[in-house]
Amino acid sequence: MSTQSLYPVNAELAASAKINDEQYRRMYQESVVNPEGFWREHGRRITWFKDYTKIRKVSFDDHNLYIKWFYDGTLNASYNCLDRHLETRGDQPAIIWEGDDDKDQLTLSYRQLHEKVCAFANALKGQGVQCGDVVTIYMPMVPEAAVAMLACARIGAIHSVIFGGFSPDSIASRIVDGKSKVVITADQGVRGGRIIPLKGNVDAALEHPDVTTVERVIVLQRTGGDIQWQDQRDIWWHDLMAVSSPYCEAVEMNAEDPLFILYTSGSTGTPKGVLHTTGGYMVYASMTHEYVFDYRDGEIYWCTADVGWITGHSYMVYGPLANGATLLMHEGVPNWPSPRRMAEIIDRHQVNILYTAPTLIRALMAEGEDHFNDFDGSSLRILGSVGEPINPEAWRWYYDVIGKERSPIVDTWWQTETGGILISPLPGVTDLKPGSATRPFFGVQPALVDNMGNLIEGAGEGNLVLLDSWPGQMRSVYGDHDRFVLTYFKTFRGMYFTGDGARRDEDGYYWITGRVDDVINVSGHRLGTAEIESALVAHPEVAEAAVVGYPHDIKGQGIYAYVTLTKGTEETEALRQALRQWVRSEIGALATPDLIQWAPGLPKTRSGKIMRRFLRKIAANEVGALGDASTLADPAVIDNLIETRLNRN
Ligand code: WTA
C-alpha cells in the first residue's frame with residue numbers, strides 16, 4: 001500500500017469535470033463576496049411555483065437571531081423530486097432497490113414513484129394529516145420509506161424519521177416532542193439476515209404513558225411476520241393504497257415552511273429536533289449533490305446511509321431525486337452475508353458513484369483484500385466518505401482496492417444541522433490529501449477560533465466555526481428556539497459553532513480532528529455521552545456513571561463507561577452484561593457500551609464536577625501524561641482507575 005500524501009487531480013477527470021480549479025476559486029470568491037447575487041442565480045436550479053425576489057436575511061447575533069433564504073418564493077419539495085422530471089425522464093429508474101436477500105430486486109421509474117407518492121399522500125390526507133402536522137416514520141430501508149417522506153412533503157406535513165435501530169423509549173420521546181398523530185412503520189425489518197420488530201417497537205413506544213397524541217399507525221407489510229394488531233388504531237399500507245387515487249396536487253409551500261425534523265444528539269439533554277425548511281434546503285441538497293459527486297445524467301448513485309440519518313435525507317432522497325438521479329437503495333448491510341456483498345452490488349448494478357462511511361471501509365479492510373479479487377469495479381467513477389474522520393490508511397485502502405486508483409474520494413464534512421455538505425473536495429477540481437476534507441463548498445465560510453473565540457489566521461488548529469449562513473442551514477430546534485440559539489450561537493458570539501475541532505494546513509485545507517464537546521461518534525452515529533449516562537443511572541443498581549469515547553479500530557470511537565454501583569452491590573460480570581443490555585433497551589443497540597469499568601469513585605473537582613479529561617485519557621490507555629491532578633478532591637481515585645482500566649491497547 002502506498003503512503004502517498006498528495007493525490008493530484010486526475011487529468012482525465014479534470015478534462016471532463018463540470019468546473020476546474022480556477023472556476024472553483026472564482027465561484028467561491030463570488031459566493032462569499034456577493035452571496036445575494038450568487039444564490040439568486042443558483043437558487044433557480046430547482047423549480048419554484050412562485051419565484052423569489054428576496055434572497056437572504058441572516059443575523060447570527062445571539063440576541064437577535066434569524067436565518068431566512070429565498071423567503072418570498074414558494075415551491076414543493078416532492079414536486080421538485082418527481083413531477084418536474086416526468087416529461088423528460090418518466091421512464092428512467094428513480095430507485096433501484098436490492099433487498100437484504102439479493103434475490104429481492106425492484107425498480108421504480110420516476111413515473112411509478114410519482115404515482116405511489118401521490119397515492120400515499122392522498123392516503124395520509126384521508127387519515128386526517130394536514131399541512132404542518134408532524135408525521136413519524138420508523139421504516140426499514142425500502143422504497144416505501146422514501147414514498148412516505150415525499151408524500152408528507154407533498155401535502156406540507158413535516159416528517160420525523162426515526163432510525164430503525166432506536167428503542168421503544170427513544171421512539172416515544174421523539175413522538176412526544178413532535179406531537180405526532182400518525183406513525184408510519186412496517187411489520188418487521190430485515191437487516192443482515194436478522195428480523196427487526198419495527199411494529200413491535202412502535203407498539204411498545206405507544207404504551208408509554210407520555211405518548212398521548214397518536215391516533216393512527218400505518219403498517220407496511222414487509223415480511224408478513226406475526227405482529228400484534230389494534231383494530232381501532234392500526235391500518236395496513238396496502239389497504240390504504242388500494243383505494244387511493246394516484247393524483248394529488250403538490251401543495252404550494254413557502255420557502256421557509258418546515259420540511260422535516262430529525263433528532264440528533266448534542267452534548268447535553270435529550271436529542272434535539274433539528275428543523276429544516278423547504279427552499280434553502282432543497283437548493284443546497286441538490287447543488288451539493290451535483291457538484292460534490294460530479295453527478296451526471298444517467299448515472300447510478302449509491303448511498304449506503306439509512307434514511308434514519310441526515311445523509312439518508314439529503315443524499316439518498318432529496319438531493320439525488322431533485323437532480324433526477326437513479327439511486328440504488330440497499331435494504332441490508334453492505335458486508336453481509338460476506339465482505340463481498342458491496343463489490344457484488346457495485347458490479348451487478350454498475351454503480352458509478354458510491355457514498356459510504358469510514359467504519360464500513362475499516363470493517364472491509366479488516367476482512368482482507370482477497371474478497372475483492374474478482375471485483376471488477378470498472379463502473380465506479382467517484383467515491384465518497386461521510387460521518388467521521390477517515391484515517392489515511394482507510395482512505396488509501398478505499399482508493400486502491402475499491403476505486404482501483406482511478407476514482408477520487410470526496411471526504412465530505414457536514415452535520416445534521418448543516419443540511420448538506422460544507423467542506424469537501426470537488427472531483428476534477430481539488431487535489432486530494434488522505435484524511436482531509438479539504439476546502440469549503442460555495443458560500444461556506446469556515447474559520448478556526450481558540451477557546452476565547454479569537455480567530456486563528458493561516459495554518460493552525462482550533463474550534464471549527466462558520467461565519468455566515470448557507471441555504472441548507474437548520475433554522476431552529478423544533479419547539480425550542482432558545483435551545484437552538486444557546487447550543488450553536490452562544491459559545492462563540494456571532495458565529496455558528498459546529499462542536500468539531502479542526503486543523504488548517506498551509507494550503508488552506510481543513511482536517512477535522514473530531515468532536516470537542518461531549519458528543520461521541522460510534523461508527524458514524526452521533527451519541528451524547530449525557531444520554532448514555534442518564535440511561536445508566538436509571539438502572540436501580542447504578543449510583544453514578546460517566547461515559548467517554550475511546551479510539552476503536554473499526555467503529556472510530558467505542559463507548560467506555562465508568563460505573564459506580566450503589567452501596568453493597570457486587571461488581572459481577574453478569575451485572576456488566578445486564579447494564580449493557582439495559583442501555584440497549586433504553587436507547588438502542590448503537591448505544592451499547594463496549595467497555596464498562598467499575599469505578600468505586602470518579603475524579604471530581606472540589607465542587608463536584610467530573611473531570612472528563614482524565615477519564616478520556618484512561619479510556620484511551622494514555623496514562624503516561626495525565627496532566628495536573630491537583631484540582632481533584634481525591635487524587636487517589638485516579639490511581640485506582642488506571643490500575644483497573646480495561647483498554648490496554
Ligand atoms: C462528524 C453526519 C470528519 C463530525 C453527516 C460532525 C465528520 C458529525 C465527517 C456530524 C467527515 C461528519 N470528517 N468528521 N467527513 N462527517 N463528521 O450530524 O464530528 O450525524 O460534527 O451528520 O460527524 O454527525 P451527523
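Just follow the structure's listing: the first ligand is 1, and inside any ligand the first atom is 1. As a basis for the values below, the full set of heavy atoms in this structure was taken, side chains included, without hydrogen atoms, waters or symmetry mates.
Residue-ligand proximity: Trp414 is placed with a non-hydrogen atom under 4.0 Å from ligand 1. Taking 4.0 Å as the cut-off, Gly499 does not count as a neighbour of ligand 1 on heavy-atom distance.
Those atoms of ligand 1 that come under 4.0 Å of a heavy atom in Asn521, given as number and element, are 1 (C), 23 (O). Shown in contact with Thr412 at under 4.0 Å from a heavy atom are these atoms of ligand 1, numbered in order with element: 9 (C), 11 (C), 15 (N), 16 (N). Heavy-atom contacts of Asp411 reach the following atoms of ligand 1: 11 (C), 13 (N), 15 (N) (cutoff under 4.0 Å). Residue Val386 has at least one heavy-atom neighbour below 4.0 Å for each of these atoms of ligand 1: 5 (C).
Ser265 and Glu531 form a side-chain donor-acceptor contact under 3.5 Å, judged by distance and modelled atom types alone. Tyr398 and Thr356 share no side-chain donor-acceptor pair at under 3.5 Å. Asp505 and Trp511 are linked by a side-chain donor-acceptor pair at a separation below 3.5 angstrom, with hydrogens and angles left out of the test. Counting only N and O atoms by type, the side chains of Tyr263 and Asp177 include a donor and acceptor under 3.5 Å apart.
At the top of the distance list for atom 3 (C) of ligand 1, counting protein heavy atoms only, stands Pro389 N, 3.1 Å. When only non-hydrogen protein atoms are considered, atom 16 (N) of ligand 1 lies nearest to Gly387 N, 3.1 Å. Closest to atom 18 (O) of ligand 1, if we only count protein heavy atoms, is Thr416 OG1, 2.6 Å. Of the protein's non-hydrogen atoms, the one nearest atom 13 (N) of ligand 1 is Glu388 O, 3.4 Å. Among protein heavy atoms, atom 19 (O) of ligand 1 sits closest to Asp500 OD1, 2.6 Å. Summary of contacts: the protein heavy atom closest to atom 24 (O) of ligand 1 is Arg526 CD, 3.3 Å.
Counting heavy atoms closer than 4.0 Å to ligand 1, residue Ile310 contributes side-chain atoms (C-beta onward) but none from N, CA, C or O. Residue-level proximity to ligand 1 for Ile390 is absent, since no heavy atom of it falls below 4.0 angstrom.
The pair Arg439-Asp21 counts as a salt bridge, with a side-chain nitrogen and a carboxylate oxygen less than 4.0 angstrom apart. Residues Arg504 and Glu461 are not paired through a salt bridge, judged by the lack of any N-O separation under 4.0 Å between the basic side chain and the carboxylate.
When all heavy atoms are compared, the tightest approach of Met316 to Val307 is CE-CG1, 3.4 Å.
Not a single N or O atom of Thr498, backbone or side chain, sits closer than 3.5 Å to an N or O atom of ligand 1. Backbone and side-chain nitrogen or oxygen atoms of Thr311 are examined, and none is located within less than 3.5 angstrom of a nitrogen or oxygen of ligand 1. Residue Thr264 places no N or O, backbone or side chain, under 3.5 Å from any N or O of ligand 1. Of the N or O atoms in Gly524, none lie within a sub-3.5 Å distance of an N or O in ligand 1. Ligand 1 has an N or O atom lying under 3.5 Å from an N or O atom of Gln415, backbone or side chain.
Put simply, the side chain of His313 gets close to the backbone of Trp309: a donor and an acceptor are under 3.5 Å apart.
Within the cation-pi definition used here (under 6.0 Å to the ring centroid, within 45° of the axis), Lys272 does not qualify as a partner of Tyr478.
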Tell me, with the steps shown, if Ser286 and Arg45 meet side-chain hydrogen bond (donor to acceptor under 3.5 Å, both in side chains). CA-CA 8 Å; Ser286 82; Arg45 58 176 296 112; 2.7 Å; yes
Quick one, Trp413 with Val386, criterion side-chain contact (heavy atoms from CB on, under 4.5 Å). Give me CA distance, side-chain angles, the key distance, then yes/no. CA-CA 6 Å; Trp413 173 83; Val386 61; over 6 Å; no
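Taking the six-membered ring where tryptophan is involved, the planes of Trp395 and Tyr399 are essentially parallel, since the angle between them stays under 30° and well short of 60°.
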